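For reference, the structure I am asking about is given below.
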Amino acid sequence: MGTEQLITRLLREYGQTYAEEAGITLRDKPAPLYQLLMMTVLCSVRIKAGTAIAAARELFAAGLDTAPAMAGSSWRERVVLLGRAHYVRYDESTATALGSGAELVLDKYHGDLRKLREQAAGDVERLRALLQEVPRIGPVGADIFCREVQAVWPEVRPFLGERACATAAELGLPHTPRGLAALLPGDDLARLAAALVRVSLSKGAVAEMRAG
């Protein structure tokens, strides 16, 4: 299978972004950007991605989809909602992190993460550092946010992260962000990054892809 065909297959079979799976219509607006940050917090513990996404959807369905709404919710309410999504072991600590994170977003960015973007000023490492000020988000979480947000913040492109680059190498694709970016439109980079991560997490998917 040629490179072009392999990328087409990756996008077709695994190219749903995690934001899309969580029901987020990602735009450069306060609400969807905050929802992406919430999803990132939920994905930043050792828990299955599907469980984290289900927890995000549960919180969104309850109306906790903006920083003011999250900050105005009770810790107990957040714990109950996370429990419905079977987000176990980390439900209480994550409920605390979500509340504290909402307060930080309100205090530092007035509820609008476009102000975080302005502070980063196009410097991806600065962006990653600012993201890691949010409770629970570490280097892996910062990578998750950057992989997804590049769909609406072009200055973050090309961003793949270590896991996606390692999977690209296993598949025989260029394994640097710029090498991969040269193979498809910039608007598709977030989808390709998600696809590579999904393949890495799916048992036998790398071998299946390599076999064609």
Side-chain angles (χ1 to χ4, degrees), residues 16-117 119 127-149 151-153 161 163 190 193-194 197-198 200-203:
Q16 183 184 40
T17 67
Y18 286 93
E20 288 170 343
E21 185 180 354
I24 301 168
T25 302
L26 194 57
R27 295 175 296 157
D28 187 30
K29 300 289 184 182
L33 291 172
Y34 177 71
Q35 291 160 19
L36 177 60
L37 189 75
M38 281 177 57
M39 187 197 80
T40 299
V41 169
L42 293 164
C43 289
S44 293
V45 297
R46 292 183 179 276
I47 201 164
K48 289 182 179 180
T51 302
I53 297 301
R57 295 181 72 97
E58 196 72 46
L59 290 162
F60 299 157
L64 304 188
D65 53 1
T66 65
M70 183 64 74
S73 66
S74 71
W75 178 83
R76 182 61 188 164
E77 180 183 1
R78 297 192 292 270
V79 169
V80 169
L81 291 168
L82 291 170
R84 286 182 190 167
H86 307 291
Y87 195 93
V88 294
R89 291 181 57 198
Y90 302 102
D91 53 349
E92 295 187 355
S93 62
T94 300
T96 299
L98 287 169
S100 300
E103 294 289 354
L104 182 146
V105 171
L106 289 169
D107 292 345
K108 186 168 184 176
Y109 304 114
H110 301 99
D112 186 350
L113 289 174
R114 292 176 298 184
K115 296 183 186 300
L116 179 151
R117 181 187 188 184
Q119 288 194 23
L127 173 60
R128 294 180 76 255
L130 289 169
L131 288 166
Q132 289 176 72
E133 294 178 358
V134 177
R136 181 57 62 75
I137 295 181
V140 172
D143 282 357
I144 292 169
F145 187 93
C146 289
R147 281 200 317 260
E148 298 276 328
V149 85
V152 293
W153 290 357
R163 181 187 286 272
V197 170
R198 288 183 186 279
S200 75
L201 296 173
S202 179
K203 186 176 180 179

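Please read all numbers here as calculations on a predicted model, not as lab measurements. The first residue of the sequence shown is numbered 1, and numbering continues consecutively from there.
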Tell me which donor-acceptor pairs under 3.5 Å the side chains of residues 42-59 have, and how far apart each pair is, sequence neighbours excluded?
| from | atom 1 | to | atom 2 | distance (Å) |
| --- | --- | --- | --- | --- |
| Ser44 | OG | Thr40 | O | 2.6 |
| Arg57 | NH1 | Glu21 | O | 2.7 |

Next item on the list: Check whether any side-chain heavy atom of Lys108 sits under 4.5 Å from a side-chain heavy atom of Leu130, and report yes or no.
Entry: yes
Notebook entry, point to check: Pro30 pairs by side-chain contact (heavy atoms from CB on, under 4.5 Å) with which of His110, Lys115, Gln35, Arg114?
Noted result: Arg114
Note to self: Taking the six-membered ring of Phe145 as reference, does the cationic atom of Arg128 (NZ for Lys, CZ for Arg) lie under 6.0 Å from its centre and within 45° of its axis?
What the structure shows: no
Next item on the list: May I ask you to say whether Arg117 pairs ionically with Asp28, meaning some side-chain N is under 4.0 Å from a carboxylate O?
Entry: yes
Notebook entry, point to check: Looking only at heavy atoms, which two atoms of Leu106 and Ala71 are closest? And how far apart?
Noted result: CD1-CB, 3.6 Å
Checklist line | Check: Val149 and Leu113 side chains under 4.5 Å, non-hydrogen atoms | finding: no
Next item on the list: Under the side-chain contact (heavy atoms from CB on, under 4.5 Å) rule, collect the residues that match up with Ala19, sequence neighbours excluded.
Entry: Thr17, Ile24, Leu36, Glu148
Checklist line | OH-CE distance between Tyr34 and Met70, expressed to the nearest 0.5 angstrom | finding: 4.0 Å
Checklist line | Exam field: side chain Ser202 to backbone Arg198, donor-acceptor pair closer than 3.5 Å | finding: no
Checklist line | Residue pairs, two or more places apart or on separate chains, that pass side chain to side chain donor-acceptor pair (under 3.5 Å) and touch residues 59-77 | finding: Ser73-Arg78, Trp75-Thr96
Notebook entry, point to check: How many angstroms lie between atom CZ of Arg136 and atom OG of Ser100, to the nearest 0.5 angstrom?
Noted result: 10.5 Å
Check: How long is the gap from CG on Leu33 to CE on Met38, to the nearest 0.5 Å?
Finding: 13.5 Å
Note to self: As an exercise, state the distance from OG1 of Thr94 to CG of Leu81, rounded to the nearest 0.5 Å.
What the structure shows: 13.0 Å
Next item on the list: Quick one: closest heavy-atom pair of Asp143 and Gly161, and the distance?
Entry: OD2-CA, 4.3 Å
Check: Rounded to the nearest 0.5 Å, how far does CH2 of Trp153 lie from CG of Leu127?
Finding: 6.0 Å
Checklist line | CZ on Arg27 to OG1 on Thr25, rounded to 0.5 Å | finding: 7.0 Å
Item checked: Heavy-atom pair with the smallest gap, counting every atom of Ala97 and Val41 -> CB-CG1, 4.5 Å
